[in-house]
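Down below is the structure, laid out as structure tokens.
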Amino acid sequence: MLSFKLISAVNLHREAIDWNNRVLNNNGNVSKDTLRAVSNFCYRIDAANIRDKLLRLNLFCGNSLEACLVPLYRGESFTATQYGNLTDTNNNFVAADYTERGSTGGLKGNGSSKYLDTGFAANTLTQTDRHLSLWWDMATNLFNRHFFGIDNNACSPPSPTSTVWWSMGTNSTTQIQFRCSTSATQGLVNTSGKIHLLLSGNGTAQSYLNGASSSTLSLSAFTASSQSVFIFTVNRCGSPPASGGYGSSRHGPYSIGKSMNSTQATDFYNAILAFQSELSRT
Amino acid sequence: MFLLITPQQYEILQIINASHASRKISPIKSSHNNWIINDDLLTDCDYPSSTWYDWKDWLRSLSETNETPPIDE
């Protein structure tokens, strides 16, 4: 296996090679097919000229739970400042929660206790330039779950000065809700199946469902708090909400970064979709 | 479904968690205000390669409970 990777490495993207090495250091492993798929994804992102929009991205792939918790990107370029934890910190997931390939490929929450901590501080991004994105298997959703992002609702005192919400969640297997303002008012996206949702902006926020413009919010912009972004729950005042705050969904890739326009969102979705297809997850 | 964590077991857990940067067992409060944790952690702690191997003895010291988390906000 090692010799194969060395021989073929001449055509692999350097960020894919670096990710492979970090997976090995985290006691995981990567098949040659997966490594090629990750490399293809990196080339697609570069070709779309959106690499600097992605400050943290995890494709949730590799041979094991340990492998899938190693993010591909941790900064806006390979050599730029890196943000957040070296791996997504595992809170209560077990090996059986993760499958790399096939229709059930991805990492699945349990709706009650399991989540990841990216270590990525929400205030890393500026007030007007931020996005969240996530791949969902909508059929695995539960009602009224907040599971990607931060809020400081009811923090005492709220930091920096006002309550903010920056998160995605679900109402059901057919609807996603999102918040992105100093108001708890939600945007809603009606959808089902396996989908990708990107939320771009701040206060005035545009959602992109499978790369196409969807619903919007026009509310007040916010200065983010310093809480790190959680996945499978929301980081409320430093920890998951006391009740009902965990998602049950199976997820594929997530990203955190700068805002995207419609062309960039479409290109990003196409890169994500191609990767998911290569792992037979669509 | 869930395992019950006593206050003493909770203190021990903090010590074990503190020695691991990339993974933590993070209890949740039950609807009876006790600490509980998902019992499938027991399925992934038996071998040195298991995710929660370093927590094995602690996990096996816990008792099953019928207590559950609050359902929704």
Side-chain angles (χ1 to χ4, degrees), chain A residues 22 25-29 63-71 84-98 108-119 142-146 151 153-154 169-171 184 230 232-236 238-246 248, chain B residues 1-6 9-10 12-73:
Chain A
R22 286 184 284 120
N25 289 337
N26 201 42
N27 300 314
N29 210 332
N63 76 323
S64 63
L65 179 61
E66 288 78 11
C68 92
L69 298 180
V70 179
N85 298 334
L86 294 173
T87 63
D88 289 329
T89 301
N90 174 8
N91 291 266
N92 307 330
F93 282 97
V94 299
D97 295 322
Y98 171 69
K108 188 179 181 311
N110 67 346
S112 61
S113 64
K114 301 181 181 187
Y115 70 100
L116 302 177
D117 182 357
T118 66
L142 288 175
F143 171 75
N144 193 21
R145 304 290 165 155
H146 309 283
D151 74 45
N153 181 33
T170 60
N171 279 348
F230 287 175
F232 296 92
T233 188
V234 68
N235 186 345
R236 177 170 292 168
S239 59
S243 63
Y246 295 84
S248 60
Chain B
M1 292 284 287
F2 291 93
L3 303 170
L4 184 66
I5 301 170
T6 67
Q9 290 167 329
Y10 186 89
I12 294 170
L13 175 62
Q14 306 315 308
I15 296 170
I16 304 172
N17 279 345
S19 62
H20 295 79
S22 64
R23 65 193 70 179
K24 299 180 187 305
I25 290 179
S26 300
I28 56 175
K29 283 284 188 165
S30 75
S31 54
H32 291 79
N33 204 35
N34 292 312
W35 289 115
I36 58 174
I37 195 62
N38 44 292
D39 66 355
D40 62 355
L41 292 163
L42 286 167
T43 68
D44 192 13
C45 70
D46 286 338
Y47 306 104
S49 60
S50 299
T51 305
W52 303 107
Y53 181 73
D54 290 350
W55 287 258
K56 178 178 67 173
D57 293 340
W58 180 84
L59 283 166
R60 288 181 173 171
S61 74
L62 306 181
S63 302
E64 293 182 359
T65 180
N66 291 327
E67 293 187 27
T68 59
I71 299 301
D72 286 312
E73 295 186 292

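Below, all heavy atoms of this structure are taken into account, side chains as well, without hydrogens, waters or symmetry copies.
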Residues A/Lys114, A/Val94; criterion side chain to side chain contact (heavy atoms under 4.5 Å, CB included); working and verdict = CA-CA 9 Å; A/Lys114 301 181 181 187; A/Val94 299; 4.0 Å; yes

[X] side chain to [Y] backbone, donor-acceptor under 3.5 Å:
{"X": "B/Asp44", "Y": "A/Ala95", "value": "yes"}
{"X": "A/Asn29", "Y": "A/Asn63", "value": "no"}
{"X": "A/Lys108", "Y": "A/Ser248", "value": "yes"}
{"X": "A/Asp88", "Y": "A/Pro71", "value": "no"}
{"X": "A/Thr233", "Y": "A/Gly245", "value": "yes"}
{"X": "A/Arg22", "Y": "A/Thr87", "value": "no"}

Of the backbone (N, CA, C, O) and the side chain (C-beta and beyond), which part of A/Asp117 lies under 4.5 Å from a heavy atom of chain B, both, or neither?
-> neither

Apply side chain to side chain contact (heavy atoms under 4.5 Å, CB included) to the pair A/Tyr115 and A/Tyr246, showing each step before the final yes or no.
-> CA-CA 7 Å; A/Tyr115 70 100; A/Tyr246 295 84; 3.8 Å; yes

Looking only at A/Asn91, A/Thr89, A/Asn92, most heavy-atom pairs under 4.5 Å shared with chain B are made by A/Asn92

Heavy-atom contacts under 4.5 Å, residues 49-67 of chain B to chain A |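 Contacts with chain A: B/Ser49, B/Thr51, B/Trp52.
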
Counting a contact as any heavy-atom pair under 4.5 Å apart, which residues of residues 34-42 of chain B contact chain A?
-> B/Ile37, B/Asn38, B/Asp40, B/Leu41

Look at atom NE2 of B/His20 and say whether more than 12 heavy atoms of other residues, nucleotides or ligands are closer to it than 6.0 Å.
->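 Atom NE2 in B/His20 is crowded, with more than 12 foreign heavy atoms closer than 6.0 Å.
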
Looking only at heavy atoms, which two atoms of A/Ser112 and B/Ile28 are closest? And how far apart?
->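 Taking every non-hydrogen atom into account, O-CD1, 3.1 Å.
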
